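Chain naming here is simple, since letters A, B, ... match the order of the sequence lines and numbering starts at 1 in each. This is a predicted model, so every value here is computed, not measured.
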Number of protein chains: 2
Amino acid sequence: MSLAHAILASLIDDSCSGYTLAKQFDGSVGFFWQASHQQIYRELSKLDKLGWIVPEMITQEGKPDKKVYSVTQAGKLKLQEWIAQPCEPMQVKDDLLVKIFSGYIVSEQTILQQLEHHRQAHIEKLSTYRNLEQKYFQNPQQLSQSAKFQYLTLRKGIRYETQWVEWCNEAMELLNKN
Amino acid sequence: MSLAHAILASLIDDSCSGYTLAKQFDGSVGFFWQASHQQIYRELSKLDKLGWIVPEMITQEGKPDKKVYSVTQAGKLKLQEWIAQPCEPMQVKDDLLVKIFSGYIVSEQTILQQLEHHRQAHIEKLSTYRNLEQKYFQNPQQLSQSAKFQYLTLRKGIRYETQWVEWCNEAMELLNKN
DNA sequence: GGTGCCATGTAACGAGTTACATGATTGG
DNA sequence: CCAATCATGTAACTCGTTACATGGCACC
C-alpha cells in the first residue's frame, strides 16, 4: 500500500500529472521511494476510482494534453491515518552485501572492484545531497514546517550515503591488509 | 534474480533444508536479504530444475523427513559469475521517510511517536549486532577468509543501525526546538 | 533527419505477500 | 490440552519490471 501513500504525499505537496510524478520519483522523492511511470499510471487510476484523488484535464498547445491530479479531502484523511499508524523499520535488501557475504569464493580483486565502484557512486550521491543542503536549507531553524520535514529526509540521505562511503573504506582497508 | 543468488550464497556457506534456510533468512543473513518460506521453496525447486543445486533426502526419526540442498559446480560457477558482474547501489524505500516527508499534515506528537518507536527498534538491533561482534569477531585481522567477509556484512549492519539512531536523535531535536 | 522531451497508456511476466493446508513431536 | 518446533508445500493476489505502442514539438 505504500506506493499509494507515497503518491498522495507527493501530490499533496504539489498537484501534478503522472508524467511529472514519475520524474519526482526519479529525483528528489526518489531518495525514499521510486516507481516507474507504468506503476504510477496504474496506481493513479486506482486512487481515482477510490476517490482519493481527482484529475483535471489540461489542454496544452504544442504539447500533449495532460491530467493534473489533486488529493481530495478523503485522500488527505487516508494519508493522515496511515501516517499515524505505527510501522516497523523496513528490511534491508542489498545485492552488494550478498556478494560480500560470498566474497571468499572469488578473487579479492573482484570484490575490491565492486567496493570501489559503489564507493564512487555513493560519493557522487553524497555530493549532490550536500549541494541541495547548502542551496535550500542554510539555517534549519527558520524553515517553514513543510520545508523542515523535507530537510529531515535530506539529512537522512546525507547520513545514509556518508555511512556507505565510510563502510566501503573500512572494507577495502581490511581486505588490503590481507 | 537476487533471491536465487542469496540462496546460493547461503547454501554454499552451509548446505541445509528449505526450512533451515527460511530461518537463516529470518536471522543472520536476514540483515541483507529476506524471504518467506513459500518463496524459498518455490525458488529451491527452480534452482533444482536448473541443476544449480541438488537435494539429498534425509529420513529422520521423531521429525519429518527433509531435503538437504547442496550447491553444484554449475551453481557455484553461476554465483561466481554473478558476483563479478557490476551492480548499482540498491534504491532505498522507506515508509517512515514518506511519513516524515508529509509530517506537516499531522500533529507533531504523531511524528515524534513514530521517531521514538523507530529509535528504540534501531537501538535494539544495534545492540544485538554489537553482541555478535564481541562474541565472534574479536580481532578481525586473524579471521578466516569466509569469516572476514561475514564480519564485513556485520560491520555494515552496525553502521546502518548507528546512523539510524543518530538521525532519529537529530530529527527529534529539530522538532522539539520547534 | 535523428535525438530527446512531453504525455499516456497496455500486456506479459517475475517477485513478494497472505492465506490455506497437513501432521508428528516436545515442553509447559 | 495448548502452543511451539520441525518440515513441506499450493493458490490467489498484489506489487514491480520489461517490453511494446503512439505521436507531436524543439533543437542541433
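Using modelled atom types, one finds no donor on one side chain facing an acceptor on the other under 3.5 Å when comparing B:Thr59 with B:Asp65. For the residue pair B:Asn139 and B:Gln142, a side-chain donor N or O sits within less than 3.5 Å of a side-chain acceptor on the partner. When only modelled atom types and interatomic distance are considered, A:Glu88 and B:His117 share a side-chain donor-acceptor pair under 3.5 Å.
Within the structure, every side-chain polar atom (N or O) of B:Gln60 is placed at least 4.0 Å from both OP1 and OP2 of D:dC6. Contact annotation: B:Lys46 side-chain N/O to C:dA15 OP1/OP2 distance is under 4.0 Å. Checking the phosphate oxygens (OP1, OP2) of D:dA7, no side-chain nitrogen or oxygen of B:Lys23 falls inside 4.0 Å. Taking only side-chain nitrogens and oxygens, A:Ser17 comes nearer than 4.0 Å to OP1 or OP2 of C:dT8. Taking 4.0 angstrom as the limit, B:Lys63 places none of its side-chain polar atoms (N or O) nearer than this to OP1 or OP2 of C:dT26. The phosphate of C:dG16 (OP1 or OP2) has a side-chain N or O of A:Lys93 nearer than 4.0 angstrom.
Looking at which nucleotide of DNA chain C each of A:His37 and A:Pro64 is closest to, the 5′-most match is held by A:Pro64.
Contact check for B:Ile7 versus B:Tyr69: no side-chain heavy atoms found under the 4.5 Å cut-off.
In this structure, the NZ atom of B:Lys66 is 17 Å from the P atom of D:dT5, given to the nearest Å. Separating the CG atom of B:Asp65 from the C1' atom of C:dT22 is a distance of 15 Å, rounded to the nearest angstrom. Remark: C1' of C:dC6 and CD of A:Gln24 are 15 Å apart, rounded to the nearest angstrom. For B:Met57 and D:dA7, the CE to C1' distance is 10 Å, given to the nearest whole Å. Spacing between atom CD1 of B:Ile40 and atom P of C:dT17 amounts to 11 Å, rounded to whole angstrom units. In this structure, CZ of B:Arg42 is placed 16 Å from P of C:dC13, rounded to the nearest angstrom. Rounding to whole angstrom units, CD of residue A:Glu43 and P of C:dT8 are separated by 16 Å. Here the P atom of nucleotide D:dT22 and the OH atom of A:Tyr19 are 19 Å apart, to the nearest Å.
Residue A:Tyr41 has its side chain nearest to C:dT8 when only C:dA15, D:dC6, C:dT8 are considered.
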Test salt bridge (charged side-chain N to carboxylate O under 4.0 Å, His left out) on B:Glu170 and A:Arg155 and set out the steps.
CA-CA 9 Å; B:Glu170 177 182 345; A:Arg155 286 295 304 160; 2.6 Å; yes
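Counting heavy-atom neighbours within 6.0 Å of A:Gln60 CD, excluding the residue itself, gives a total above 12.
Overall, the helix from C:dG1-D:dC28 to C:dG28-D:dC1 carries an axis bend of 40° between its ends, with five pairs at each end and the value rounded to 10°.
For the pair B:Lys76 and B:Trp52, the NZ or CZ position fails the cation-pi test of under 6.0 Å to the six-membered ring centre and within 45 degrees of the ring normal.
If you check every strand for non-hydrogen atoms under 4.0 Å, B:Gln38 touches a base.
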